[in-house]
Amino acid sequence: MRPGPLASLWWTGLRRNLAMTAAVIVTIAICLAMLGAGLLLRAQVHTIDHYLLGQLEVVVDLTDDTTSAQRAALEDQMRRDPAITAVRYESKQQVFDRFRRDFRGSPDVVAGVGPGDLPAALRLTLADPRASGDVVITYTGLDGVEAVRDQRALLQPLYRFLDAFTIGAFTLAAVQAVASFALIYTMIRISAYGRRRETAIMRLVGASNGAIRAPFVLESAVAGVVGGLCAAGLLVAAKAFLVDGQFTRQSAFPLFGWPAVWTSAAAVLVAGLLASAAMASVALRRHLRV
Amino acid sequence: MIVLDAVSKWYPSGLRPALSDVSAEIAAGEFVFLVGPSGSGKSTLLRLLLREERASGGQVVVAGQDVARIPDRRVPRLRRTVGCVFQDYRLLPNRTVAANVAFALDVIGRPRHVVRSVVPEALDLVGLGEKAQSYPDELSGGEQQRVAIARAFVGRPRVLLADEPTGNLDPATSIEIMHLLDAVHQAGTTVIMATHNAALVDAMRRRVLELADGILVRDEAGGRYDTASLPLPPQPAPQPAPQPSPWAPAPRGPVG
């Protein structure tokens with residue numbers, strides 16, 4: 001069918017069915033906004049990961065009675081370990097200096113610790129900081145080793161927090177997707193009823209199945225795109241007002257940038273278009289005999 | 001043009017077949033009346049020709065195609081070679097007369113310049129050129145049926161099926177519609193008209209196929225509506241005015 005007659009079928013269908021279409025658009029918009037929020041949270045996790053991983057080390061605390069031979073043996077083993085790219089020794093005094101620097105904001109804590117209280121340490125830079133678990137296991141309990149500390153473990157609560165929100169967002173998106181399907185299914189049924197005369201005549205004069213289905217799929221796809229645009233607008237607003245407005249003052253870790261927003265918005269739009277058109281096609285199998 | 005070979009049709013809930021062992025052959029360019037009481041199988045026969053239903057047994061051939069065997073995606077092409085007119089006109093109430101006729105071409109993807117030139121032509125031929133911008137509810141029944149005929153014929157089908165096209169019309173208007181269908185026939189279209197209008201059948205004296213309880217009981221050239229039970233009033237046959245053939249099917253053959 002040419003675009004003109006198709007658009008006219010779509011337009012009369014929309015006027016007949018405005019309230020239902022509005023409901024579909026709102027539901028799809030919420031669904032896609034949740035999907036986009038989940039994508040942005042994942043982008044945030046990646047941003048933090050990317051920023052911190054270069055700085056994360058595994059710290060091997062040495063016992064106070066470690067002999068220089070034991071230390072040499074440890075360092076030797078570490079330099080041959082492919083998972084470790086660099087080994088750096090810090091004496092008790094250096095560890096104490098670092099401690100005072102890191103906790104300069106908490107003088108009470110520094111006051112209670114003397115230069116001899118903290119163990120000397122080997123600081124390891126890993127080829128892949130995500131694979132720190134194996135390194136921790138390898139060196140724990142070796143002669144002269146008191147403890148192996150993975151700095152990344154300190155970040156676990158933050159990651160768990162972000163992951164929980166991501167899963168929550170995706171779950172909500174899935175629930176809304178089910179609601180969207182139910183609404184599109186109903187919209188198609190109402191629309192098929194409203195357009196039954198047109199459909200009957202199209203069949204009679206030999207319109208192809210594709211031409212008979214096209215107005216319905218178009219109806220649903222347009223609702224999907226409009227819902228997607230609303231969701232993309234919500235994501236942009238969230239970045240502009242919520243993230244950039246409220247969270248920029250903290251400086252512990254960087255926030256995701258605009259590229260992540262554009263990527264998520266585009267993904268959300270495409271998902272809205274394709275999913276709603278596909279849902280309409282499924283619903284049509286049930287409601288339209290061609 | 002149409003071959004029925006031992007065609008039977010059982011509906012799942014039916015106690016007896018809607019059609020039973022019907023055989024007939026209709027040549028290209030013939031005009032055939034299909035008569036018989038309600039429930040005798042006339043509509044079923046027309047539905048078989050359109051592949052709205054499939055025969056339970058036997059073979060239905062339309063324009064060289066075995067209707068039951070063509071794949072679903074080719075059914076639209078079959079329907080483009082067969083036009084249809086119904087008792088209840090089936091016009092779209094929210095579209096003008098011209099838009100109703102154009103709709104039949106739009107939905108099969110004909111280009112706009114074709115639609116623009118062919119639709120006024122078709123409306124002129126049925127005598128409604130001046131009512132192109134009216135809506136169906138502003139027209140009389142006869143005028144609405146003319147629009148329906150224009151819509152059925154605008155795609156230049158090779159066969160026109162008319163299912164009681166005069167069933168809702170007064171006798172005078174029925175004769176006008178009959179003339180229109182006859183003009184379509186004169187232009188070379190095969191016309192099959194199911195009807196209860198005895199006066200028209202008796203006046204036209206064309207080939208008559210009579211169904212009773214799904215059985216073909218009569219196939220008579222130049223027949224009357226019912227030789228047995230209807231007394232025939234003597235009346236002159238209204239002869240259709242000879243027309244040049246603006247209805248002639250396009251030389252390229254079936255629209256497809």
Side-chain angles (χ1 to χ4, degrees), chain A residues 1-21 187-222 277-278 280-290, chain B residues 46-47 49-53 70-86 88-96 99-116 136 147-148 150-161 163 254-256:
Chain A
M1 217 185 320
R2 299 195 319 275
L6 184 59
S8 120
L9 276 171
W10 168 75
W11 178 243
T12 47
L14 181 70
R15 279 190 314 188
R16 245 182 229 146
N17 226 341
L18 199 56
M20 191 72 206
T21 310
M187 178 175 81
I188 295 279
R189 196 180 65 191
I190 294 173
S191 178
Y193 182 76
R195 209 179 269 143
R196 64 196 182 285
R197 288 197 192 93
E198 280 92 340
T199 307
I201 289 164
M202 287 166 93
R203 280 162 42 77
L204 207 62
V205 301
S208 65
N209 292 350
I212 294 173
R213 290 199 163 110
F216 296 95
V217 175
L218 180 70
E219 204 165 63
S220 184
V222 167
S281 305
V282 172
L284 277 175
R285 283 172 195 279
R286 174 73 179 76
H287 293 306
L288 193 66
R289 196 173 70 98
V290 290
Chain B
L46 296 182
R47 291 169 67 80
L49 296 177
L50 281 171
R51 238 292 273 275
E52 294 268 354
E53 305 277 354
I70 56 177
D72 284 349
R73 66 189 157 76
R74 292 272 303 277
V75 170
R77 257 172 81 174
L78 168 77
R79 292 187 182 153
R80 288 175 201 188
T81 64
V82 182
C84 276
V85 180
F86 299 94
D88 55 358
Y89 324 130
R90 302 197 186 173
L91 302 178
L92 300 173
N94 57 342
R95 288 172 188 259
T96 62
N100 262 283
V101 177
F103 186 74
L105 296 173
D106 283 339
V107 299
I108 60 173
R110 304 308 308 277
R112 185 155 62 155
H113 65 93
V114 171
V115 178
R116 278 195 175 160
V147 178
R151 181 181 64 191
F153 199 72
V154 73
R156 302 290 160 125
R158 297 166 74 182
V159 180
L160 186 72
L161 306 181
D163 193 357
V255 171

Rounded to the nearest 0.5 Å, how far does CG of B:Asp106 lie from CG of A:Leu9? 8.5 Å
Look at B:Arg112, B:Glu52, B:Arg90, B:Arg73 and state which one has the largest set of heavy-atom pairs under 4.5 Å with chain A. B:Arg112
A side-chain contact here means heavy atoms from C-beta on lying under 4.5 Å apart; do B:Leu105 and A:Val205 qualify? no
What option among A:Glu198, A:Arg197, A:Arg2 has the most heavy-atom pairs under 4.5 Å with chain B? A:Arg2
Taking all heavy atoms of B:Pro76 and all of A:Ser208, pick out the closest pair and write down the distance. CG-CA, 3.8 Å
Nearest 0.5 Å please: distance from the CG atom of B:Asn94 over to the CZ atom of A:Arg16. 6.0 Å
Could you tell me whether A:Arg196 atom CZ has more than 12 heavy atoms of other residues or ligands within 6.0 Å of it? yes
CZ (B:Arg79) and CG (A:Leu204) are apart, to the nearest 0.5 Å, by 7.5 Å
Region of B:Pro111 in contact with chain A, defined by heavy-atom distances below 4.5 Å: backbone
Under 4.5 Å from a heavy atom of chain A, the part of B:Val75 involved: neither
Could you measure the distance from the CZ atom of B:Arg95 to the CD1 atom of A:Ile201? Nearest 0.5 Å is fine. 9.0 Å
